[in-house]
Amino acid sequence: MSASAQVKRISVPDIAARKGQEPVVVLTAYSVSMATLLDDHCDCLLVGDSLGMVLYGLDSTLPVTLDMMINHGAAVVRGSSKACVVVDLPWASYQESPAQAFRNAARVLAETGASAVKLEGGEEMAETVAFLVRRGIPVMGHVGLTPQAVNALGGYRARGRSDAEQAKILGDASAIAEAGAFAIVVEGVVEPLARQITEQVPVVTIGIGASAACDGQVLVTDDMLGLFAGFTPKFVKRYAEIGEQVSQAAASYAADVRARAFPEAAHVFPVRKG
């Protein structure tokens with residue numbers, strides 16, 4: 001094997017085998033540059049429909065289109081070589097029928113080179129998950145606080161505070177796991193419920209606003225880096241304040257331009273004689 005051989009990308013079975021093992025590290029990515037920076041540190045890069053709010057300034061994920069997800073998914077695959085890349089199926093691209101879900105999921109995998117798709121929903125989506133998995137499309141599930149159902153849920157509040165909600169979410173996770181999902185994102189649920197789900201379902205759980213007991217964790221990278229200033233969810237830990245650094249750098253650049261201090265001699269092209 002030549003020294004230039006490509007690094008083997010982490011596969012869906014590799015992620016699935018991490019149940020109860022070393023936690024799975026997941027971050028969102030939407031571009032070549034960010035994927036390149038994150039690739040060495042993550043087991044999985046999620047091209048989330050959160051890009052609608054983070055990149056496009058939308059009020060929710062609902063207006064995100066399949067073409068948007070495909071374009072950003074392809075960019076993340078090009079920018080990475082190690083991490084398993086998973087792309088969200090956007091609102092209304094899979095709920096109509098299993099056949100619709102298959103057509104759109106197949107297009108995502110074919111046009112991006114990603115390894116899997118993610119879709120939201122519980123028991124009502126189990127048939128669709130099973131339909132996709134039987135046809136060779138790996139699926140990551142998503143239960144609890146499901147942003148695409150924000151209107152039905154009445155907002156982005158934590159889930160599982162009542163016994164009825166806990167039973168519903170646990171049933172949703174069990175149904176999606178039984179349908180063949182290789183992993184399930186558990187979002188915005190009370191900690192004991194996330195722990196219980198992780199203990200009871202046989203597939204990897206990826207927590208976000210859930211529990212450290214989950215088999216892995218995911219955050220929106222722009223939240224984690226302090227790049228997205230719209231709001232900071234309770235469950236986000238900021239590991240940097242890059243947004244402030246960007247603003248300061250832009251201010252310094254603007255001051256230099258207005259003072260004609262940039263460009264300097266080192267930044268322009270002199271005439272060469274001879």
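FYI, the numbering just counts along the sequence from 1. These numbers were taken from a predicted model, which means no experiment stands behind them.
- E187 has its side chain out of reach of T146: every pair of non-hydrogen atoms, C-beta onward, lies at least 4.5 Å apart.
- A donor atom on one side chain and an acceptor atom on the other are found under 3.5 Å apart for D39 and S81.
- The number of heavy-atom neighbours closer than 6.0 Å to CZ of R157, taken from other residues, nucleotides and ligands shown, is above 12.
- At least one side-chain heavy atom of Q95 sits less than 4.5 Å from a side-chain heavy atom of Q148.
- One distance of note links CG of D40 with OG of S80; it measures 10.5 Å at 0.5 Å rounding.
- Note: Q217 CD to S211 OG = 7.5 Å, rounded to the nearest 0.5 Å.
- A distance of 8.0 Å separates CD1 of I197 from SG of C214, quoted to the nearest 0.5 Å.
- Y94 places none of its side-chain heavy atoms less than 4.5 Å from the side chain of N104.
- For the pair L153 and G144, the tightest heavy-atom approach, listed with the atom from each and the gap, is CD1-O, 4.5 Å.
- A heavy-atom distance below 4.5 Å is found between the side chains of P147 and E120.
- At most 12 heavy atoms of other shown residues, nucleotides or ligands fall within 6.0 angstrom of atom CD in E178.
- Cation-pi geometry between R135 and F131 is satisfied (NZ or CZ under 6.0 Å from the ring centre, within 45° of the ring normal).
- For D215 and T205, the side-chain atoms include at least one donor-acceptor pair closer than 3.5 Å.
- T198 places a side-chain N or O within 3.5 Å of a backbone atom of A194 that can act as its donor or acceptor partner.
- Annotation for I10 and C84: closest pair O-CB, 3.3 Å, computed over non-hydrogen atoms.
- T221 and Y30 form no side-chain donor-acceptor contact under 3.5 Å, judged by distance and modelled atom types alone.
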Should K118 and V87 be marked as a side-chain contact (heavy atoms from CB on, under 4.5 Å) after you check the CA-CA gap, both sets of side-chain angles, and the distance that decides it? CA-CA 6 Å; K118 181 172 79 65; V87 178; over 6 Å; no
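- Contact check for L45 versus T28: no side-chain heavy atoms found under the 4.5 Å cut-off.
- Note: L51 CG to N71 CG = 10.0 Å, rounded to the nearest 0.5 Å.
- Each of L55, L89, D88, D49 was evaluated against V64; a single residue qualifies, D49, per the side chain to side chain contact (heavy atoms under 4.5 Å, CB included) test.
- Other residues, nucleotides and ligands place more than 12 heavy atoms under 6.0 Å from the CZ atom of F262.
- Pairs engaging residues 93-112 under the salt bridge (Lys or Arg N to Asp or Glu O under 4.0 Å) rule: D67-R107, R107-E111 [sequence neighbours left out].
- Under the 4.5 Å side-chain heavy-atom criterion for Ile, Leu, Val, Met, Phe, Trp and Tyr, V236 and V189 are members of the same hydrophobic cluster.
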Go through it in stages, so that I can follow the logic: the residues are L225 and M34, the test is side-chain contact (heavy atoms from CB on, under 4.5 Å), and I'd like the CA-CA distance, side-chain angles, deciding distance and then a yes or no. CA-CA 11 Å; L225 294 177; M34 190 61 77; 4.1 Å; yes
After noting the C-alpha distance and the side-chain angles of F102 and I137, does the key distance pass the side-chain contact (heavy atoms from CB on, under 4.5 Å) rule? CA-CA 8 Å; F102 177 79; I137 296 180; 3.5 Å; yes
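- Of all the heavy atoms in V76 and A35, the pair that sits closest is O-CB, 3.6 Å.
- E241 CD: more than 12 foreign heavy atoms inside a 6.0 Å radius.
- Between the CG atom in D172 and the CD1 atom in I184 there is a gap of 9.5 Å [rounded to 0.5 Å].
- V201 and V133 fall within the same hydrophobic cluster, defined by Ile, Leu, Val, Met, Phe, Trp and Tyr side-chain heavy atoms under 4.5 Å apart, directly or through other members.
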Given the rule in the side-chain contact (heavy atoms from CB on, under 4.5 Å) test, do M69 and V108 qualify, once you have shown the distances and angles that lead to the verdict? CA-CA 8 Å; M69 296 309 305; V108 167; 5.6 Å; no
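- No side-chain heavy atom of M140 sits less than 4.5 Å from a side-chain heavy atom of I15.
- Under the 4.5 Å side-chain heavy-atom criterion for Ile, Leu, Val, Met, Phe, Trp and Tyr, V85 and V25 are members of distinct hydrophobic clusters.
- Heavy-atom minimum distance, L227 versus R238: N-NH1, 4.1 Å.
- Residues K19 and V203 have side chains not in contact (no heavy-atom distance under 4.5 Å, counting atoms from C-beta outward).
- Under the 4.5 Å side-chain contact rule for hydrophobic residues, Y56 and V32 do not share a cluster.
- V117 pairs in a side chain to side chain contact (heavy atoms under 4.5 Å, CB included) with only one of the listed residues (V86, L109, V47), which is L109.
- Formation of a donor-acceptor pair under 3.5 Å by the Q166 side chain with backbone atoms of G160 is found in this model.
- The pair R18-D14 does not count as a salt bridge, with every side-chain nitrogen at least 4.0 angstrom from each carboxylate oxygen.
- Taking every heavy atom of both residues into account, V12 and A116 meet most closely at CG2-CB, 4.1 Å.
- Minimum interatomic distance between P202 and A177 (heavy atoms only, all atoms of both residues): CD-CB, 4.1 Å.
- Put simply, NE2 on H142 and CG on L119 are 10.5 Å apart, with the number rounded to the nearest 0.5 Å.
- The side-chain heavy atoms of M53 and S50, taken from C-beta on, include no pair separated by under 4.5 Å.
- Taking 4.0 Å as the cut-off between side-chain N and carboxylate O, E191 and R195 count as a salt-bridged pair.
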